[in-house]
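Each remark here refers to the structure printed beneath this line.
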Amino acid sequence: MLKHLRNYSTSTIVSSAITFLALPFFTRYLTPNDFGILGLYFIFGNITTSFLTIGLGLSTTRAFYKNESSFNSLNSTNFVFIIIMLLIGGIIVWATSEKIAFYFFDNKILPKIVMLSYIGGSLSRIFVYLHDLLIAQERSGSYSILALLSSVLNTLISIFLILTFSMTYDSRIFSDIIKNMFLITTLIYLQRKYFTIRLSKKTLKWSIKLSWPRIPQLISGLIQQSFDKIILSKYKDLSQLGNYEIANKMSQICRAMISTVAKAWIPYFMKKSELRTDSAKTEIINRYQEVVMVFNSLAFVICLFCEDIIILMTTVEFYPSMFLVPAIIATMLFTHTITTIAKPQILFNEKLQYMLPSSFISVIANVLFNIILIPKYGAIGAVIALFLASILSNLILFYFAQKVYPLPYNYYFLIGQFFYFLGFLISIYNLMLVDYPLYIKLCFKLFLLIIYFYLAIKFTLIKKERLLLLWDNYRPIF
């Protein structure tokens, strides 16, 4: 697991560094309004294509672990089905793009942006399907190289289009489409031995049967990612949406690093679960507690220095986004702490229908809280709504995961980890609100960082021996 973790995290760190270093360039050439338009661009394509592909990638991943002999036929069938569904959806979007721009986005984006959004979303969905197969195959090196290449191409193509053709937000749109076309071609070549001309109705039925209970969860996730932005664009101006988008981009650094750990975790969980012994369950929980420690530490460090990053790397008009970042990351931390273990529990037993109650509650809570809070509090209301909906839905998901595949959790440890993080989060917000020079705040933050890890090790929230093991594993990189 550590070998794959090193590969995944190395590419994530480098990709995050590229995003970080490119931020001053983009915030000087693009306005908050431009970032608001980009936020709406990514919404529509992700919503429609995720719904049309009904989460078949998850079925393909499960099939790889379950029965490799019939995997090629299943993979090819699912891939063809996804392409057909995306083509049908594309025809519908092309015919109704003007109405979509008017009814969904109040004409704040043009019909051609709606169509480009669908094209970009379709290419992204195909890329993710093929890319995630590398995780199941434990080809972490190939996965990481392509993830890094995606970040490099996206940034370089955008910069080229801005400097050469004086583009603004459209540079990011075209770079997204161009780099995905290139990466999909590369992935098809890398996955060529897992494709065949033999298609199977039987495997497609199995895949759909396994995946369809996940549709409500997909809808729930998409509402969490998009409904707040749609409501925000209707009640507030695009500049506020742009700041919300910047805050989400900053939070993506944390999400990417947490997802890196999860990528190495899923194969470990599946292989241990296949042993079907009590000792294997104990090993899963022991390793999971270490994963949660890593999540907590990553989230704390990024929250601690997000103010400095935004002030140093953006312009004054983007400064309000700094107050949104820690709250978004706190929500992200709670969500990933639960879903990292709960989703594999349900997937292993092939009982995806147990995700339905959580998804239903998530949709209702998210819509309700956003409608109540955003008109009054704007972007801050959107963050609060996301946090409340996340707590409700993920606790329900955790309950059903334990019902399907019980594991011997240390509940005091999990609760302690989260409240430990929240305690330091309050200190971070207090520092943000104090009008001290940046270098003085930095001294306070370094002191907080030392205290955080000292207390975590002292009270065994973080195990010193595991830190030393991680350092031994990563030392060759440095």
Side-chain angles (χ1 to χ4, degrees), residues 1-8 55-78 129-143 191 193-194 200 202-214 217 258-292 294-295 336-355 358 397-410 414 466 469:
M1 181 176 171
L2 285 175
K3 173 192 171 184
H4 298 305
L5 178 59
R6 184 174 67 183
N7 288 336
Y8 291 134
L56 282 183
L58 193 65
S59 299
T60 309
T61 299
R62 182 67 186 102
F64 183 84
Y65 293 108
K66 186 176 183 179
N67 189 357
E68 291 191 38
S69 62
S70 62
F71 177 75
N72 288 12
S73 176
L74 181 141
N75 180 45
S76 302
T77 304
N78 286 356
Y129 176 89
L130 296 170
H131 198 210
D132 282 355
L133 284 180
L134 295 174
I135 299 173
Q137 296 155 11
E138 297 189 76
R139 297 163 70 182
S140 57
S142 298
Y143 183 97
Q191 299 281 6
K193 76 173 185 177
Y194 295 104
S200 170
K202 182 180 178 181
T203 58
L204 180 60
K205 287 179 181 178
W206 179 86
S207 296
I208 293 174
K209 183 180 178 181
L210 181 62
S211 294
W212 78 263
R214 193 168 179 258
Q217 189 190 33
I258 286 176
S259 297
T260 293
V261 180
K263 288 180 182 72
W265 161 258
I266 292 172
Y268 175 86
F269 180 96
M270 290 296 182
K271 287 183 176 181
K272 285 291 180 183
S273 296
E274 289 290 352
L275 298 176
R276 301 179 188 275
T277 63
D278 290 339
S279 61
K281 287 185 175 183
T282 302
E283 288 179 43
I284 287 172
I285 289 301
N286 289 339
R287 186 59 58 89
Y288 170 67
Q289 289 181 177
E290 293 171 3
V291 167
V292 172
V294 173
F295 286 179
H336 280 276
T337 297
I338 299 298
T339 57
T340 296
I341 189 76
K343 284 184 179 179
Q345 282 178 270
I346 293 172
L347 178 60
F348 175 74
N349 265 28
E350 300 180 18
K351 301 288 186 181
L352 269 65
Q353 63 268 26
Y354 282 93
M355 292 184 180
S358 168
L397 179 69
F398 185 80
Y399 168 78
F400 282 106
Q402 275 294 85
K403 200 170 183 179
V404 171
Y405 184 60
L407 290 172
Y409 286 104
N410 182 342
L414 292 178
R466 295 303 296 180
L469 180 59

Going through the distances and angles, do Lys272 and Leu275 end up as a side chain to side chain contact (heavy atoms under 4.5 Å, CB included)? CA-CA 6 Å; Lys272 285 291 180 183; Leu275 298 176; 4.2 Å; yes

Do [X] side-chain atoms and [Y] backbone N/O form a donor-acceptor pair below 3.5 Å?
X: Tyr288; Y: Thr337; answer: yes
X: Gln191; Y: Leu130; answer: yes
X: Thr77; Y: Ser200; answer: yes
X: Gln345; Y: Pro406; answer: no
X: Asn72; Y: Lys193; answer: yes
X: Trp265; Y: Val291; answer: no
X: Asn349; Y: Tyr405; answer: no

Closest heavy-atom contact between [X] and [Y]?
X: Ser207; Y: Asn78; answer: OG-ND2, 3.1 Å
X: Glu283; Y: Tyr268; answer: O-OH, 3.6 Å
X: Pro267; Y: Ile135; answer: CG-O, 3.9 Å
X: Ile208; Y: Leu56; answer: N-CD2, 4.1 Å
X: Ile346; Y: Ala401; answer: CG1-CA, 3.9 Å
X: Pro344; Y: Ile341; answer: CD-O, 3.4 Å

To the nearest 0.5 angstrom, please state how far the [atom1] atom of [X] sits from the [atom2] atom of [Y].
X: Leu347; Y: Ser59; atom1: CG; atom2: OG; value: 8.5 Å
X: Tyr409; Y: Ile284; atom1: OH; atom2: CD1; value: 9.0 Å
X: Ser273; Y: Leu407; atom1: OG; atom2: CG; value: 7.0 Å

Starting from the C-alpha separation in whole Å, work towards a yes-or-no answer on side chain to side chain contact (heavy atoms under 4.5 Å, CB included) for Phe71 and Leu133. CA-CA 11 Å; Phe71 177 75; Leu133 284 180; 3.9 Å; yes

Side-chain contact, heavy-atom cut-off 4.5 Å: Lys202 with Lys205?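 Not in contact.
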
Do Tyr399 and Lys403 have side chains that get closer than 4.5 Å, going by heavy atoms?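 When only atoms from C-beta onward are counted, Lys403 and Tyr399 do touch, with a gap below 4.5 Å.
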
Is it true that Asn75 and Tyr129 share a donor-acceptor pair across their side chains at a distance under 3.5 Å?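 A pair is found: one side chain offers a donor N or O, the other an acceptor, under 3.5 Å apart.
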
As a quick check of understanding, evaluate side chain to side chain contact (heavy atoms under 4.5 Å, CB included) for Asn410 and Leu414, giving each step before the final call. CA-CA 7 Å; Asn410 182 342; Leu414 292 178; over 6 Å; no

Step-by-step side chain to side chain contact (heavy atoms under 4.5 Å, CB included) determination, Val404 to Phe348: CA-CA 9 Å; Val404 171; Phe348 175 74; over 6 Å; no

Are the charged groups of Lys271 and Glu274 less than 4.0 angstrom apart, N to O?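 A salt bridge is absent here (no side-chain N lies under 4.0 Å from a carboxylate O).
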
